[in-house]
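Proteins come first, then strands; the chains are lettered A, B, ... in the order of their sequence lines, and each starts at number 1.
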Number of protein chains: 2
Amino acid sequence: MLSKKTKYGLKALTYLASVGTKEPVQIAEIAKHENISQKFLESILLTLRRNGFLGSKKGKGGGYYLIKEPHEIPMTAVMRVLEGPIAMVPCVSLNFYEKCDDCPDEVECSVHKLMLQVRDSALEVYRNNTLADLIS
Amino acid sequence: MLSKKTKYGLKALTYLASVGTKEPVQIAEIAKHENISQKFLESILLTLRRNGFLGSKKGKGGGYYLIKEPHEIPMTAVMRVLEGPIAMVPCVSLNFYEKCDDCPDEVECSVHKLMLQVRDSALEVYRNNTLADLIS
DNA sequence: TATAATGTCTATCGTTTTAGTAGGAATTTC
DNA sequence: GAAATTCCTACTAAAACGATAGACATTATA
(Lines give C-alpha, C1' and ligand atoms only; values in the text may rest on other atoms or scores of the structure.)
Protein backbone atom coordinates (compact mmCIF):
# COMPACT_ATOMS: atom_id res chain seq x y z
CA MET A 1 0.00 0.00 0.00
CA LEU A 2 1.00 3.54 -0.71
CA SER A 3 1.33 5.45 2.56
CA LYS A 4 -0.79 8.49 3.22
CA LYS A 5 2.42 10.40 3.56
CA THR A 6 3.36 9.69 -0.03
CA LYS A 7 -0.15 10.24 -1.27
CA TYR A 8 -0.47 13.60 0.44
CA GLY A 9 3.03 14.61 -0.52
CA LEU A 10 2.32 13.91 -4.17
CA LYS A 11 -0.92 15.81 -4.03
CA ALA A 12 0.76 18.78 -2.41
CA LEU A 13 3.50 18.82 -5.03
CA THR A 14 0.94 18.59 -7.78
CA TYR A 15 -1.04 21.42 -6.31
CA LEU A 16 2.01 23.63 -6.08
CA ALA A 17 2.87 22.78 -9.66
CA SER A 18 -0.63 23.52 -10.86
CA VAL A 19 -0.70 26.89 -9.13
CA GLY A 20 2.29 27.67 -11.27
CA THR A 21 3.51 30.79 -9.53
CA LYS A 22 6.67 31.01 -7.48
CA GLU A 23 4.71 32.79 -4.76
CA PRO A 24 4.60 30.90 -1.47
CA VAL A 25 1.43 28.92 -0.87
CA GLN A 26 0.34 28.43 2.71
CA ILE A 27 0.10 25.00 4.28
CA ALA A 28 -3.46 25.76 5.25
CA GLU A 29 -4.44 26.42 1.66
CA ILE A 30 -2.89 23.19 0.41
CA ALA A 31 -4.41 21.20 3.24
CA LYS A 32 -7.85 22.61 2.61
CA HIS A 33 -7.72 22.19 -1.13
CA GLU A 34 -6.53 18.59 -0.91
CA ASN A 35 -8.51 17.54 2.17
CA ILE A 36 -5.48 16.75 4.25
CA SER A 37 -4.94 17.13 7.98
CA GLN A 38 -2.93 20.31 8.23
CA LYS A 39 -0.62 19.16 10.99
CA PHE A 40 0.21 15.98 9.15
CA LEU A 41 0.83 17.91 5.97
CA GLU A 42 3.22 20.21 7.83
CA SER A 43 5.59 17.37 8.55
CA ILE A 44 5.39 16.09 5.00
CA LEU A 45 6.17 19.47 3.49
CA LEU A 46 9.05 19.76 5.89
CA THR A 47 10.66 16.59 4.62
CA LEU A 48 10.07 17.69 1.05
CA ARG A 49 11.84 20.92 1.83
CA ARG A 50 14.72 19.20 3.59
CA ASN A 51 15.16 17.01 0.56
CA GLY A 52 15.43 19.84 -1.89
CA PHE A 53 12.02 19.80 -3.51
CA LEU A 54 10.51 22.82 -1.85
CA GLY A 55 11.51 26.21 -0.59
CA SER A 56 9.71 28.00 2.19
CA LYS A 57 9.15 31.40 3.61
CA LYS A 58 8.15 32.10 7.18
CA GLY A 59 5.87 34.73 8.64
CA LYS A 60 2.99 36.57 7.08
CA GLY A 61 2.71 35.90 3.38
CA GLY A 62 4.86 32.84 3.88
CA GLY A 63 4.39 29.31 2.64
CA TYR A 64 5.91 26.72 0.37
CA TYR A 65 6.92 26.83 -3.27
CA LEU A 66 8.59 24.58 -5.79
CA ILE A 67 12.31 25.08 -6.15
CA LYS A 68 12.55 23.49 -9.59
CA GLU A 69 10.37 23.31 -12.63
CA PRO A 70 7.84 20.47 -12.54
CA HIS A 71 9.42 18.74 -15.53
CA GLU A 72 12.71 18.63 -13.64
CA ILE A 73 11.22 16.61 -10.80
CA PRO A 74 11.25 12.88 -11.59
CA MET A 75 8.95 10.54 -9.72
CA THR A 76 11.88 8.31 -8.85
CA ALA A 77 13.21 11.03 -6.57
CA VAL A 78 9.85 11.86 -5.05
CA MET A 79 8.98 8.25 -4.35
CA ARG A 80 12.33 7.48 -2.79
CA VAL A 81 12.04 10.41 -0.39
CA LEU A 82 8.42 9.91 0.56
CA GLU A 83 7.87 6.17 0.28
CA GLY A 84 11.39 4.82 0.58
CA PRO A 85 12.92 2.16 -1.67
CA ILE A 86 11.15 1.43 -4.92
CA ALA A 87 12.10 -2.24 -4.68
CA MET A 88 9.78 -4.47 -2.68
CA VAL A 89 12.70 -6.40 -1.18
CA PRO A 90 16.05 -4.94 -0.14
CA CYS A 91 17.96 -7.57 -2.10
CA VAL A 92 16.82 -6.03 -5.39
CA SER A 93 17.13 -2.41 -4.34
CA LEU A 94 19.46 -0.14 -6.27
CA ASN A 95 19.75 2.53 -3.60
CA PHE A 96 19.05 0.58 -0.45
CA TYR A 97 20.56 -2.82 -1.13
CA GLU A 98 20.71 -5.37 1.65
CA LYS A 99 21.31 -9.08 1.55
CA CYS A 100 18.58 -11.33 2.91
CA ASP A 101 19.46 -13.21 6.09
CA ASP A 102 17.64 -16.33 5.10
CA CYS A 103 18.58 -16.56 1.44
CA PRO A 104 21.82 -18.41 0.67
CA ASP A 105 21.87 -17.59 -3.04
CA GLU A 106 20.21 -14.64 -4.69
CA VAL A 107 20.68 -16.02 -8.16
CA GLU A 108 18.63 -19.08 -7.31
CA CYS A 109 15.99 -17.23 -5.32
CA SER A 110 12.54 -17.11 -6.87
CA VAL A 111 11.53 -14.06 -4.88
CA HIS A 112 14.60 -12.23 -6.07
CA LYS A 113 13.90 -13.22 -9.65
CA LEU A 114 10.32 -11.99 -9.58
CA MET A 115 10.92 -8.85 -7.58
CA LEU A 116 13.72 -7.80 -9.86
CA GLN A 117 11.27 -7.65 -12.71
CA VAL A 118 8.74 -5.79 -10.59
CA ARG A 119 11.35 -3.25 -9.58
CA ASP A 120 12.40 -2.68 -13.16
CA SER A 121 8.88 -2.17 -14.36
CA ALA A 122 8.06 0.24 -11.56
CA LEU A 123 11.29 2.08 -12.16
CA GLU A 124 10.43 2.54 -15.79
CA VAL A 125 7.14 4.15 -14.85
CA TYR A 126 8.70 6.48 -12.32
CA ARG A 127 11.46 7.44 -14.72
CA ASN A 128 8.96 8.27 -17.41
CA ASN A 129 6.98 10.59 -15.20
CA THR A 130 7.93 13.97 -13.86
CA LEU A 131 5.71 16.18 -11.78
CA ALA A 132 4.77 17.97 -14.98
CA ASP A 133 3.24 14.79 -16.36
CA LEU A 134 0.85 14.47 -13.44
CA ILE A 135 -0.95 17.79 -13.68
CA SER A 136 -4.05 17.59 -15.77
CA MET B 1 7.67 -3.74 1.23
CA LEU B 2 6.88 -7.31 0.46
CA SER B 3 5.60 -9.04 3.58
CA LYS B 4 7.44 -12.04 5.00
CA LYS B 5 4.24 -13.95 4.50
CA THR B 6 4.39 -13.45 0.75
CA LYS B 7 8.11 -14.04 0.62
CA TYR B 8 7.88 -17.31 2.53
CA GLY B 9 4.79 -18.38 0.66
CA LEU B 10 6.52 -17.87 -2.68
CA LYS B 11 9.58 -19.74 -1.51
CA ALA B 12 7.48 -22.62 -0.28
CA LEU B 13 5.60 -22.84 -3.56
CA THR B 14 8.84 -22.72 -5.48
CA TYR B 15 10.30 -25.46 -3.35
CA LEU B 16 7.27 -27.67 -3.89
CA ALA B 17 7.49 -27.02 -7.61
CA SER B 18 11.18 -27.81 -7.72
CA VAL B 19 10.71 -31.07 -5.86
CA GLY B 20 8.46 -31.99 -8.73
CA THR B 21 6.74 -35.00 -7.24
CA LYS B 22 3.14 -35.13 -6.18
CA GLU B 23 4.23 -36.74 -2.94
CA PRO B 24 3.40 -34.70 0.15
CA VAL B 25 6.28 -32.67 1.53
CA GLN B 26 6.32 -32.00 5.25
CA ILE B 27 6.11 -28.48 6.63
CA ALA B 28 9.25 -29.17 8.63
CA GLU B 29 11.22 -30.00 5.52
CA ILE B 30 10.12 -26.86 3.70
CA ALA B 31 10.77 -24.71 6.73
CA LYS B 32 14.23 -26.12 7.19
CA HIS B 33 15.19 -25.90 3.56
CA GLU B 34 14.04 -22.30 3.23
CA ASN B 35 15.05 -21.09 6.69
CA ILE B 36 11.57 -20.20 7.75
CA SER B 37 9.98 -20.35 11.19
CA GLN B 38 7.95 -23.53 11.03
CA LYS B 39 4.97 -22.25 12.97
CA PHE B 40 4.72 -19.17 10.80
CA LEU B 41 5.01 -21.27 7.67
CA GLU B 42 2.19 -23.51 8.90
CA SER B 43 -0.28 -20.66 8.75
CA ILE B 44 0.93 -19.56 5.34
CA LEU B 45 0.59 -23.02 3.86
CA LEU B 46 -2.86 -23.20 5.35
CA THR B 47 -4.00 -20.11 3.49
CA LEU B 48 -2.44 -21.41 0.31
CA ARG B 49 -4.40 -24.61 0.72
CA ARG B 50 -7.63 -22.79 1.49
CA ASN B 51 -7.16 -20.78 -1.67
CA GLY B 52 -6.75 -23.73 -3.92
CA PHE B 53 -3.02 -23.77 -4.51
CA LEU B 54 -2.07 -26.68 -2.31
CA GLY B 55 -3.43 -30.00 -1.23
CA SER B 56 -2.53 -31.61 2.05
CA LYS B 57 -2.43 -34.95 3.70
CA LYS B 58 -2.55 -35.44 7.45
CA GLY B 59 -0.83 -37.98 9.62
CA LYS B 60 2.34 -39.89 9.10
CA GLY B 61 3.72 -39.43 5.62
CA GLY B 62 1.56 -36.34 5.28
CA GLY B 63 2.44 -32.91 4.06
CA TYR B 64 1.64 -30.44 1.33
CA TYR B 65 1.74 -30.76 -2.43
CA LEU B 66 0.88 -28.64 -5.45
CA ILE B 67 -2.59 -29.21 -6.84
CA LYS B 68 -1.81 -27.80 -10.29
CA GLU B 69 1.15 -27.77 -12.57
CA PRO B 70 3.57 -24.91 -11.92
CA HIS B 71 2.93 -23.37 -15.31
CA GLU B 72 -0.77 -23.17 -14.45
CA ILE B 73 -0.13 -20.98 -11.41
CA PRO B 74 0.11 -17.32 -12.38
CA MET B 75 1.79 -14.88 -10.07
CA THR B 76 -1.23 -12.59 -10.20
CA ALA B 77 -3.19 -15.20 -8.25
CA VAL B 78 -0.41 -15.93 -5.79
CA MET B 79 0.26 -12.28 -5.06
CA ARG B 80 -3.40 -11.45 -4.57
CA VAL B 81 -3.84 -14.24 -2.05
CA LEU B 82 -0.63 -13.67 -0.12
CA GLU B 83 0.00 -9.94 -0.43
CA GLY B 84 -3.45 -8.61 -1.22
CA PRO B 85 -4.24 -6.08 -3.94
CA ILE B 86 -1.62 -5.52 -6.59
CA ALA B 87 -2.55 -1.86 -6.84
CA MET B 88 -0.90 0.50 -4.37
CA VAL B 89 -4.10 2.48 -3.88
CA PRO B 90 -7.62 1.05 -3.77
CA CYS B 91 -8.88 3.55 -6.35
CA VAL B 92 -6.84 1.85 -9.08
CA SER B 93 -7.47 -1.71 -7.96
CA LEU B 94 -9.17 -4.11 -10.36
CA ASN B 95 -10.23 -6.63 -7.76
CA PHE B 96 -10.45 -4.51 -4.62
CA TYR B 97 -11.67 -1.17 -5.92
CA GLU B 98 -12.59 1.53 -3.43
CA LYS B 99 -13.14 5.22 -3.90
CA CYS B 100 -10.89 7.57 -1.94
CA ASP B 101 -12.63 9.62 0.74
CA ASP B 102 -10.57 12.69 0.15
CA CYS B 103 -10.41 12.72 -3.62
CA PRO B 104 -13.28 14.50 -5.39
CA ASP B 105 -12.28 13.48 -8.93
CA GLU B 106 -10.23 10.45 -9.86
CA VAL B 107 -9.68 11.65 -13.39
CA GLU B 108 -7.94 14.77 -12.15
CA CYS B 109 -5.98 13.04 -9.39
CA SER B 110 -2.23 12.87 -9.86
CA VAL B 111 -1.86 9.94 -7.50
CA HIS B 112 -4.47 8.04 -9.43
CA LYS B 113 -2.77 8.83 -12.71
CA LEU B 114 0.63 7.64 -11.53
CA MET B 115 -0.52 4.59 -9.62
CA LEU B 116 -2.58 3.40 -12.56
CA GLN B 117 0.59 3.11 -14.57
CA VAL B 118 2.40 1.41 -11.72
CA ARG B 119 -0.40 -1.10 -11.36
CA ASP B 120 -0.40 -1.87 -15.05
CA SER B 121 3.32 -2.42 -15.17
CA ALA B 122 3.27 -4.68 -12.12
CA LEU B 123 0.33 -6.57 -13.52
CA GLU B 124 2.20 -7.21 -16.72
CA VAL B 125 5.07 -8.75 -14.80
CA TYR B 126 2.83 -10.95 -12.69
CA ARG B 127 0.85 -12.06 -15.74
CA ASN B 128 4.03 -13.00 -17.55
CA ASN B 129 5.26 -15.19 -14.73
CA THR B 130 3.92 -18.50 -13.55
CA LEU B 131 5.44 -20.57 -10.80
CA ALA B 132 7.25 -22.53 -13.49
CA ASP B 133 9.15 -19.41 -14.55
CA LEU B 134 10.60 -18.92 -11.09
CA ILE B 135 12.36 -22.22 -10.62
CA SER B 136 15.94 -22.15 -11.74
C1' DT C 1 -5.54 -50.92 18.94
C1' DA C 2 -1.90 -47.97 20.62
C1' DT C 3 1.31 -44.67 19.33
C1' DA C 4 3.82 -41.51 16.84
C1' DA C 5 3.71 -38.36 13.20
C1' DT C 6 1.71 -35.18 11.00
C1' DG C 7 -1.61 -31.14 9.57
C1' DT C 8 -5.56 -27.86 11.74
C1' DC C 9 -7.16 -24.36 14.40
C1' DT C 10 -7.62 -20.55 17.77
C1' DA C 11 -5.70 -17.42 20.64
C1' DT C 12 -2.22 -14.52 22.11
C1' DC C 13 1.78 -11.39 22.10
C1' DG C 14 5.65 -8.14 21.45
C1' DT C 15 7.39 -4.90 18.17
C1' DT C 16 7.20 -1.70 14.54
C1' DT C 17 4.86 1.33 11.53
C1' DT C 18 1.31 4.50 10.52
C1' DA C 19 -1.18 8.50 10.86
C1' DG C 20 -1.75 11.56 13.16
C1' DT C 21 -1.96 15.43 17.55
C1' DA C 22 -0.16 18.94 20.90
C1' DG C 23 2.29 22.68 21.97
C1' DG C 24 5.49 25.89 21.66
C1' DA C 25 9.73 28.26 19.39
C1' DA C 26 11.43 30.97 15.62
C1' DT C 27 10.83 34.14 11.95
C1' DT C 28 8.72 37.61 9.16
C1' DT C 29 5.42 41.26 7.90
C1' DC C 30 2.81 45.08 8.90
C1' DG D 1 4.60 44.88 19.16
C1' DA D 2 1.02 41.96 17.24
C1' DA D 3 -0.32 38.72 14.01
C1' DA D 4 0.72 35.26 10.81
C1' DT D 5 3.19 31.90 9.40
C1' DT D 6 6.77 27.95 9.27
C1' DC D 7 9.80 24.92 12.31
C1' DC D 8 10.61 21.51 15.58
C1' DT D 9 10.18 17.99 19.23
C1' DA D 10 7.61 14.90 21.59
C1' DC D 11 3.86 12.08 22.24
C1' DT D 12 0.03 8.73 21.21
C1' DA D 13 -3.72 5.49 19.57
C1' DA D 14 -4.51 2.05 16.42
C1' DA D 15 -3.27 -1.20 13.16
C1' DA D 16 -0.24 -4.45 10.97
C1' DC D 17 3.43 -7.65 11.23
C1' DG D 18 5.82 -11.61 12.50
C1' DA D 19 5.65 -14.68 14.96
C1' DT D 20 4.60 -18.33 19.25
C1' DA D 21 1.81 -21.61 22.24
C1' DG D 22 -0.93 -25.19 22.82
C1' DA D 23 -4.61 -28.19 22.14
C1' DC D 24 -7.11 -30.96 18.59
C1' DA D 25 -7.91 -34.06 14.48
C1' DT D 26 -6.37 -37.39 11.35
C1' DT D 27 -3.55 -40.98 9.48
C1' DA D 28 -0.04 -44.77 9.02
C1' DT D 29 1.93 -48.51 10.91
C1' DA D 30 3.80 -51.62 14.37
Quiz item: Same cluster or not: are B:Leu123 and A:Val118 linked, directly or through other Ile, Leu, Val, Met, Phe, Trp or Tyr residues, by side-chain heavy atoms under 4.5 angstrom apart?
Solution: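 In one cluster: yes.
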
Practice problem: Report whether A:Ile135 and A:Met79 are members of the same hydrophobic cluster (ILVMFWY, side-chain heavy atoms less than 4.5 Å apart, transitive linking). | Solution: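 In one cluster with A:Ile135: A:Met79, no.
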
Quiz item: Near DNA chain D, under 4.0 Å by heavy atom, which residues of residues 7-17 of chain A?
Solution: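 Result for residues 7-17 of chain A: none.
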
Quiz item: Of the residues in residues 37-49 of chain B, which ones touch DNA chain D at a heavy-atom distance under 4.0 Å?
Solution: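 B:Ser37, B:Lys39, B:Phe40, in order of number.
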
Measure the distance from [atom1] on [X] to [atom2] on [N] and round it to the nearest whole Å.
| X | N | atom1 | atom2 | result |
| --- | --- | --- | --- | --- |
| B:Lys32 | C:dT6 | NZ | P | 13 Å |
| A:Met1 | D:dC17 | CE | C1' | 15 Å |
| B:Ile36 | D:dA19 | CD1 | P | 10 Å |
| A:Gln26 | C:dT29 | CD | C1' | 13 Å |

Over all atoms of both residues, closest heavy-atom pair of [X] and [Y]:
| X | Y | answer |
| --- | --- | --- |
| B:Cys103 | B:Cys109 | SG-CB, 3.5 Å |
| A:Thr14 | B:Ser110 | OG1-OG, 2.8 Å |
| B:Tyr65 | B:Lys22 | CB-O, 3.8 Å |
| B:Leu41 | B:Ala12 | CD1-CB, 4.1 Å |
| A:Asp102 | B:Lys7 | OD1-NZ, 3.2 Å |
| B:Leu2 | A:Met115 | CD1-CE, 3.8 Å |

Quiz prompt | Selection: residues 79-105 of chain A, any non-hydrogen atom under 4.0 Å of DNA chain C | solution =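 Nucleic-acid contacts, sorted: none.
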
Quiz item: Quick one: is B:Arg50 getting a side-chain N or O under 4.0 Å of the C:dC9 phosphate, OP1 or OP2?
Solution: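 Looking at the OP1 and OP2 atoms of C:dC9, one of them is under 4.0 Å from a side-chain N or O of B:Arg50.
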
Quiz item: Base, backbone or nothing for each nucleotide of nucleotides 25-30 of chain D, written B, S, -, heavy atoms under 4.0 angstrom, 5' to 3'?
Solution: -BBS--

Exercise. Just jot down the ring-ring contact (aromatic ring centres under 6.0 Å, His included) partners of B:Tyr97, sequence neighbours excluded, or say none.
Key: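 Testing B:Tyr97 for ring-ring contact (aromatic ring centres under 6.0 Å, His included), a comparison that skips the adjacent residues, returns none.
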
Quiz item: Which distance, rounded to the nearest 0.5 Å, do you find between the CG of A:Asn128 and the CE of A:Met75?
Solution: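 Output value for this atom pair is 12.0 Å.
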
Exercise. Run the salt-bridge test on B:Glu124 and B:Arg127 with the 4.0 Å N-O cut-off and return the result as yes or no.
Key: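 No, no charged N to carboxylate O under 4.0 Å.
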
Can you give each donor-acceptor pair under 3.5 Å made by side-chain atoms of residues 44-56 of chain A, sequence neighbours left out, with the distance rounded to 0.1 Å?
from    : atom 1 : to      : atom 2 : distance (Å)
A:Thr47 : OG1    : A:Ile44 : O      : 3.1
A:Asn51 : ND2    : A:Thr47 : O      : 2.7

Self-check item: A:Glu98 versus A:Ser93, side-chain donor and acceptor atoms under 3.5 Å
Solution: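 No.
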
